[in-house]
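The next block holds one structure in the form of structure tokens; read it before the comments.
One-based numbering, in listed order, for ligands and for the atoms of each. Predicted, not measured: the structure shown is a model, and the values here were computed from it. For the numbers below, each heavy atom of this structure counts, side chains included, while hydrogens, waters and symmetry mates do not.
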Amino acid sequence: MTPWTDDEIKRFLARAGLFARRGLTHTDAEALAEKCLNRDRDIGARDMRACIECKHLQGGGRCALTRKDALPKTMFQRCHGFEWQVPRAA
Ligand code: SF4
């Protein structure tokens, strides 16, 4: 297993904070942030995103872009409308 870099650790902490603010438990937020880190390292999966990472996800689980229900917010998928919700530092 490759050790995490300093940048990966910072990104992990920021993402875990974002995911917790968006409704995941602390444990689930950290688990998804780790999945995102592994996704980022997998060149074939880098375009797979979860709605919980997207700036269009609204509080009620709706997508502001499509004006429909978002997909399950922790499921990785390819979406042409995806735009990063930049997480703040933890
Ligand atoms: S634009 Fe796509 S990825 Fe973003 S919230 Fe809507 S459905 Fe999810």
Side-chain angles (χ1 to χ4, degrees):
M1 182 184 218
T2 307
W4 292 8
T5 66
D6 288 347
D7 283 347
E8 285 176 329
I9 292 168
K10 283 184 203 161
R11 204 170 299 127
F12 168 85
L13 292 171
R15 281 175 167 157
L18 170 69
F19 299 159
R21 286 191 298 280
R22 286 187 151 184
L24 297 191
T25 65
H26 184 72
T27 301
D28 287 347
E30 288 196 343
L32 182 60
E34 185 170 349
K35 277 179 66 178
C36 290
L37 186 153
N38 290 323
R39 181 266 327 267
D40 293 347
R41 288 179 165 187
D42 179 355
I43 197 161
R46 280 188 191 153
D47 61 343
M48 300 291 285
R49 313 288 183 212
C51 289
I52 200 169
E53 302 178 273
C54 180
K55 77 176 193 180
H56 299 300
L57 181 66
Q58 302 298 294
R62 300 274 293 175
C63 172
L65 188 70
T66 64
R67 300 182 183 191
K68 297 179 181 172
D69 288 339
L71 293 169
K73 60 185 175 183
T74 61
M75 183 179 82
F76 289 140
Q77 36 95 18
R78 290 182 174 89
C79 175
H80 294 299
F82 177 87
E83 292 185 72
W84 291 107
Q85 174 65 52
V86 178
R88 297 187 302 268

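Scanning all heavy atoms of the two residues, the minimum distance from A70 to C51 falls at CB-SG, 4.0 Å. The minimum heavy-atom distance between M48 and R78, with the atom names listed, is SD-NH1, 3.2 Å.
Residues E30 and H26 are in side-chain contact: their nearest non-hydrogen atoms beyond the backbone lie under 4.5 Å apart.
Nearest protein heavy-atom neighbour of atom 4 (Fe) of ligand 1: C54 SG, 2.4 Å.
At a threshold of 2.8 Å, atom 4 (Fe) of ligand 1 has no backbone or side-chain N, O or S atom of C63 nearer than that distance. Between atom 8 (Fe) of ligand 1 and C51 there is an N/O/S contact shorter than 2.8 Å.
Classification of R46 and D40 as a salt-bridged pair fails, no side-chain N sitting under 4.0 Å from a carboxylate O.
In this structure a side-chain-to-backbone donor-acceptor pair under 3.5 Å is missing from Q85 to E83.
The atoms of ligand 1 that sit less than 4.0 Å from any heavy atom of G81 are 1 (S). Each of the atoms 1 (S), 2 (Fe), 3 (S), 7 (S) of ligand 1 lies under 4.0 Å from some heavy atom of C79.
Only side-chain heavy atoms of Q77 come within less than 4.0 Å of ligand 1; its backbone N, CA, C and O stay farther off.
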